[in-house]
Amino acid sequence: MLIGGLLAGVMYSLVALGFVLIYKASGVFNFAQGAMVFFAALTTVGFISMGAPFWLAVALALLAMVALAFFTERVVLRPLVNQPQITLFMATIGLAFFIEGIAQLTWGAQVHALDLGIADEPIEWLMRNTGMNISKFDLVASGIAAALVAVLAVFFNKTRTGRALRAVADDHQAALAVGISLQRIWVIVWIVAGFVALVTGLLWGARNGVQFALTFLALKALPVLILGGFESIAGAVVGGLIVGASEKLAEVYIGPHVGGGIESWFPYVLALAFLLVRPEGLFGERRIDRV
Amino acid sequence: MTAGRKIGRPILEIDGVSLAFGGVVALQGVSFDVREHEIRAIIGPNGAGKSSMLNVINGVYHPQQGTVAFKGRRRHRVDPHEAARQGIARTFQNIALFRGMTVLDNIMTGRNLKMKSSFLQQALYWGPAKREELEHRAKVEEVIDFLEIQHIRKTPVGRLPYGLQKRVELARALAAEPELLLLDEPMAGMNLEEKQDMSRFVLDVNDQMGTSIVLIEHDMSVVMDLSDRVVVLDYGRKIADGTPDEVRNNRGVIDAYLGVAH
Amino acid sequence: MHIAGFCLNCPESPDTVMTDLREIGPTYYFGPPRVYESILTQVMIRIEDAGWIKRRLFHGFMAVAKRVGIGILEGKPGIPAKDRLLYRLGEILVYGPLKNVLGMSRIRVAYTGGEAIGPDLFDFYRSIGINLKQLYGMTETCVTVCMHASGDVKLETVGPPMPGVEVRIADSGEVLVRSPGLMKEYHKRPDATREAIDAEGFFHTGDAGYFDSGGHLKIIDRAKDVGRLADGSLFAPKYLENKLKFFPYIKEAVCFGQGRDKVCAFINIDMAASGNWAERRNLPYTGYADLASQRAVLDLIRECVEKANRDLAQDSTLAHSQIRRFLVLHKELEADDGELTRTRKVRRRHIADKYAVLVDALYSDRPSCFVETQMRFEDGRTGMVSADLQIVEAKTFGAAAARKAA
Amino acid sequence: MLYREAGQFKTTYAADQQLFPIRQDRIGIAILLAVVFVGVPLAAETPAIAGAIDFNYWFSGVLVPFLIFSLAALGLNILTGYAGQLSLGTAAFMAVGAFAAYNFELRVPGMPTLASFILAGVVAALIGIVFGLPSLRIKGFYLAVATLAAQFFVVWALTKFGWLSNYSSSGVITAQKLVVFGYAVDTPVKRYLLVLAIVSVMALAAKNMVRSSIGRAWMAVRDMDVAAEVVGIPMMKTKLLAFAISSFYCGVAGALYAFAYLGTVEPAGFELDLSFRILFMIIVGGVGSILGSFLGAAFIVLLPIFMDLSAASIERSFGFALPAGLVSNLTLILFGALIIFFLVVEPLGLARLWQIAKEKLRLWPFPH
């Protein structure tokens, strides 16, 4: 059970990763990340249903995410630069609605199945020897997630663009002063987030079908972020695992006493309790208000 | 100095206050007092801990060591709104007005702590609530007249030029009828004329309302002209304390300002 | 005579005069022409900032008002129904709101006095339905000597004498007044009193004027300032200056001509109006001196001067006083520099002395003149400013030609 | 142009502080009130007019929901617009109000309807205080997460605890009959008048609060919390009062939503989507504006109706059926685009546009 929770947590981590990327580089809390996951997955499935081969569909979906990144930068981020964070947050709620509408308008609202060709059945060997119920799919998904985290870590720490991104995150003005184009950075980071959304969308879509419910992933990612801190990739991963594991455990051990279904709110209450103790998250940076 | 003004007993006593953020020491064992009706300046190079000192006095920061006694009541820890209730008002180095509100409303907030009517009465805007609003409005109008800002009464503060914003902030502080007024660089960024106006207002407040004033200011001529006594801070420590003339000739102060190594 | 009670209002502070005015909406208004002028200048500047629809609307209806507004105010017959309708529409769209914003919509009667008022200025207020009238008087006569009666208002006069007031014109042209309201004496200054009030009890006002055919007194200038050109024709510098100052771009003017063959002028541009004008044309400038020396600005002022000349050409006594040459001063005339009185009237003689070199240049045929002046800055320091001023020739009009052109 | 204010001088502070200091505004609001309270119901009763317009539809389908959403938006605006605390849990507080009113009616014999509405508001206020507690330590979208917790928790609790819905399946409740002072409110026009009266009174109360010391305290906390504390505004009391009063408004709105609009509601009807819709109302209408709450509610309520009507008329005139879901998706896109548009172009919403227009009219013919 714990393992299953942890694996779900990996998925949460992936979504949270998209949030963290954007938050780090632009200070925007991107509520539309869930919608992006939905959009990416739906676009892929849509192209496949039109007869495109899998990889071509993925490439086209990625292209769509790139276009979305440019669109967002131009229409949402650039005009709202220097606005309070909360305004940008609300703008991304609007963006989420917009993307959801576009996605459903283009591809229809029905649930699509997505087959990645990885069997979603327990690995018998593990089942036999340890009694653990882990599917091959979950394992692959975890592997992909881990690889993605590693790649992003390298990207942030080793590449020029990655360093620029971190500079922007630390101080917008300073970044501008040394000649880093904010707009370019934003586009890049939204593309990367779009890529993460695509991967997430494919994995979740393959598991549960590509449907509107994917957008609610964004909501699940919120407690993950609070636990892990908004600015830490490692935090997103750890937070995801904690949320995934704890909501399952809570469901099993507390759920029966209160009528079940507490998965829907437990992570929030957990996050809230956590907030009151450590408002900056596990890996977040503490800030001192100066007057 | 005005003839009628009498400096009285200490109204504020700072005793051995130390303050640190994480590992960074902002104040270290600072002690001094402020007397009734006195204008007391705090000066010192950048980062000397002047603003931190004000923040300790009105409870925005809580010192790790030492006490602050206001009107004889010694305390370790007080919250800003309690400090305000006891009669301490202040202005900020970077203007801290409520940008979404008009000048009048901003100044009215200065009187909020004197308002007693409940939210239910206010919802009905009836009886005590209405009477109270009007009484306090009349008080606020006195402050508006005093600081000569009648023409901007209903202007949103965000639209005002810098100098006027500073004046509105002073008005908000005065509306609370404080016994102790903390001014954090009230003349920063002003031109000569605005500085003269502001100096006149500060003196008038001190003179006509009998308010004790603690003032942080970089312009030495202003400090020397206005203040009765001056505290000099450097790296969180008090290095001198006395009349402007005494401070001016103090070796340590000259060194601190010229940047001589310790 | 009748007695009326009224409520007197004081503005809250100098900065709130306009808003207080609007809030109070006074019913009686008295101000020197300067006040009316600055209000009109403000109106014109603010209108120029408006969008083109509003601007077109404003100018369109102001033209209607100019054509028929005064007639309607005075209840004259023979105004076409179409114009009356247009005027009424204008009242809804332009004049009414305008008066309202200025706090003038409740005015029953407005007076001006103390100085001659530009006819265009006078007409403007009357045409939008404000019953603006002139009065003539001074402290010594307990203010009112002459005033317009409603319905008998003439632009260039100050109206007939009040009942009980005797007005007589001396041979020198000076206006003499005897009335029950006249002062008894200057306090403890018998010599000054003797100088002002003659044996017959007439007070010597020091103003030059005459009665027109309708019995209205017409004031031209201070008696001591009225002079003659070399050809013997009348020269009333203040009258000319007022005419020039009516243009929004001109703040001050000083005219010379006493005993000379022609009239020349110094001009100060109005920084607010001209600056605004320049900004709308994307003309960069650094300050007053820079703006005042720009060719485009000089052309703008020349047009104003020529317009004034055209008007002057119609008045047979003053046609010779058309301004031939002028220059725009490199600094604003200041009371601090002794160029204006504290009530901001030009000290013509002092200026003529101080800028003698410029006056000489005006009466030569040099196209420009270098000048260096001491001036006092706002912080009390003094310094020298120098400039090379261009002298501009203005067109003049023959009396007949002007009539044709007009 | 319409505002001829010259001569409207005030001689007391009371006159200067009145709700509508400009005479023209007072006349305008009097006319408006006369029209909505008397004119519209009279028109509905007049056979000639009632024959031409389907008033039952207009009352039950448009005006009543508009007024109820205005009230909810008003509640959210108090919290978010005035006190600066973003909430994504509006629908939860409405749900609390709806279910509380239902239970008071159900379990307290002889409970007057209006009293149960007020008590429902009080219960919502108490729940609001509980979920507002985190606001004392956290701000911004961290707080938004706390309100999300409220959103999910409340809906979950209403579904799981059968007692709250009198053990009906999946928590569906059917609101009791509306009886006010012994008078049955059983027709659309009566329901409209009842809702209108409640909303008017509560809007007036809200306006009074925001122009008094409590409103200034909220705005001070919103604009700069540190400075607010320094001028003596107690943070805890101010924020919790904002949560309480906001939730009270949402609670009453929720009760009306159940009793005067839908009749039958279930917890799932108070999902996050409804919270978002009300948030959109204040963004479009105007954050920090009483008037904006009404304008925003009108806009968000009318837009889908308008879209449906347009779609229907397109289908009728061109004789083909539009794809299913087209209109709802277009509405979704339009909502999203509008939110972004308003945040970028006019962050203070329709109310600000109205204010600008009014300023222009006051200064006509001058531009500034």
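As the structure is a computational prediction, the values presented were derived from the model and not from experiment. Just so we're on the same page: letters track the sequence lines, and every chain starts at 1.
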Does any heavy atom of chain D fall under 4.5 Å from the side chain of B:Lys116, the backbone, both, or neither of them? neither

Would D:Arg211 count as a cation-pi partner of B:Tyr125, with NZ or CZ less than 6.0 Å from the six-membered ring centre and within 45° of the ring normal? yes

Residue part contacting chain B, namely of D:Leu19, when any heavy atom lies under 4.5 Å: neither

Just so I know, are the side chains of B:Phe98 and D:Met224 near enough to count as touching, which here means a heavy-atom distance under 4.5 Å? yes

Quick one: pull up CZ in B:Arg99 and CZ in D:Arg222 and give me the separation to the nearest 0.5 Å. 12.0 Å

Can you tell me which of B:Ala138, B:Ala176, B:Ala175 forms the most heavy-atom pairs within a distance under 4.5 Å of chain D? B:Ala138

Hey, is NZ on B:Lys114 packed in by over 12 heavy atoms from elsewhere, all under 6.0 Å? yes

Surrounding NZ of D:Lys10 (heavy atoms of other residues, nucleotides or ligands, distance under 6.0 Å), is the total greater than 12? yes

Minimum heavy-atom distance between B:Ala96 and D:Ala227, given as atom pair plus value: O-CB, 3.5 Å

How far apart are the C-alpha atoms of B:Arg137 and D:Gln17, what are their side-chain angles, what is the distance that settles it, and do they pass the side chain to side chain contact (heavy atoms under 4.5 Å, CB included) test? CA-CA 9 Å; B:Arg137 170 79 192 268; D:Gln17 308 243 77; 3.5 Å; yes

Let me know if D:Ala228 has heavy atoms under 4.5 Å from chain B in its side chain, its backbone, both or neither. both

Give the member of D:Gly288, D:Gly232, D:Ala217 that has the highest number of heavy-atom pairs under 4.5 Å with chain B. D:Gly232

Minimum side-chain heavy-atom gap D:Val230-B:Val60 below 4.5 Å: yes

Could you check which of B:Leu113, B:Ile88, B:Asn106, B:Asn112 has the highest count of heavy-atom pairs closer than 4.5 Å to chain D? B:Asn112

So, do D:Arg216 and B:Met115 sit near enough that their side-chain heavy atoms are less than 4.5 Å apart? yes

Count the heavy-atom pairs under 4.5 Å between each of D:Asp16, D:Val221, D:Thr12 and chain B, then report the option with the highest count. D:Asp16

Rounded to the nearest 0.5 angstrom, the OG1-CD1 distance for B:Thr109 and D:Ile233 is 5.5 Å

Where D:Ser213 and B:Gln122 come nearest, the two heavy atoms and their spacing: OG-NE2, 2.8 Å

Checking B:Ala173 against chain D: side chain, backbone, both or neither under 4.5 Å from a heavy atom? neither

Would you say B:Arg74 has more than 12 foreign heavy atoms packed within less than 6.0 Å of its CZ? yes

Please say whether more than 12 non-hydrogen atoms of neighbouring residues, nucleotides or ligands are located less than 6.0 Å from NZ in D:Lys358. yes

In Å and rounded to the nearest 0.5 Å, what is the CG to CD1 distance from B:Leu120 to D:Ile214? 11.0 Å

Between B:Ala84 and D:Val231, which heavy-atom pair has the shortest distance, and what is it? CB-C, 3.8 Å

Checking B:Arg172 against chain D: side chain, backbone, both or neither under 4.5 Å from a heavy atom? side chain

If you count heavy-atom pairs within less than 4.5 Å of chain D, which of B:Arg85, B:His136, B:Met108 leads? B:Met108

Applying a strict 4.5 Å limit to non-hydrogen atoms, the region of D:Leu241 in contact with chain B is side chain

Please look at B:Met101 and chain D and tell me whether the side chain, the backbone, both or neither of the residue comes under 4.5 angstrom of a heavy atom of that chain. both

Could you tell me the separation between the CG atom of D:Leu204 and the CG atom of B:Leu124, rounded to the nearest 0.5 Å? 8.5 Å

Hey, does D:Tyr13 have a side-chain heavy atom less than 4.5 Å from the side chain of B:Glu133? no

Answer with side chain, backbone, both or neither: which region of B:Asn58 has an atom nearer than 4.5 Å to a non-hydrogen atom of chain D? side chain

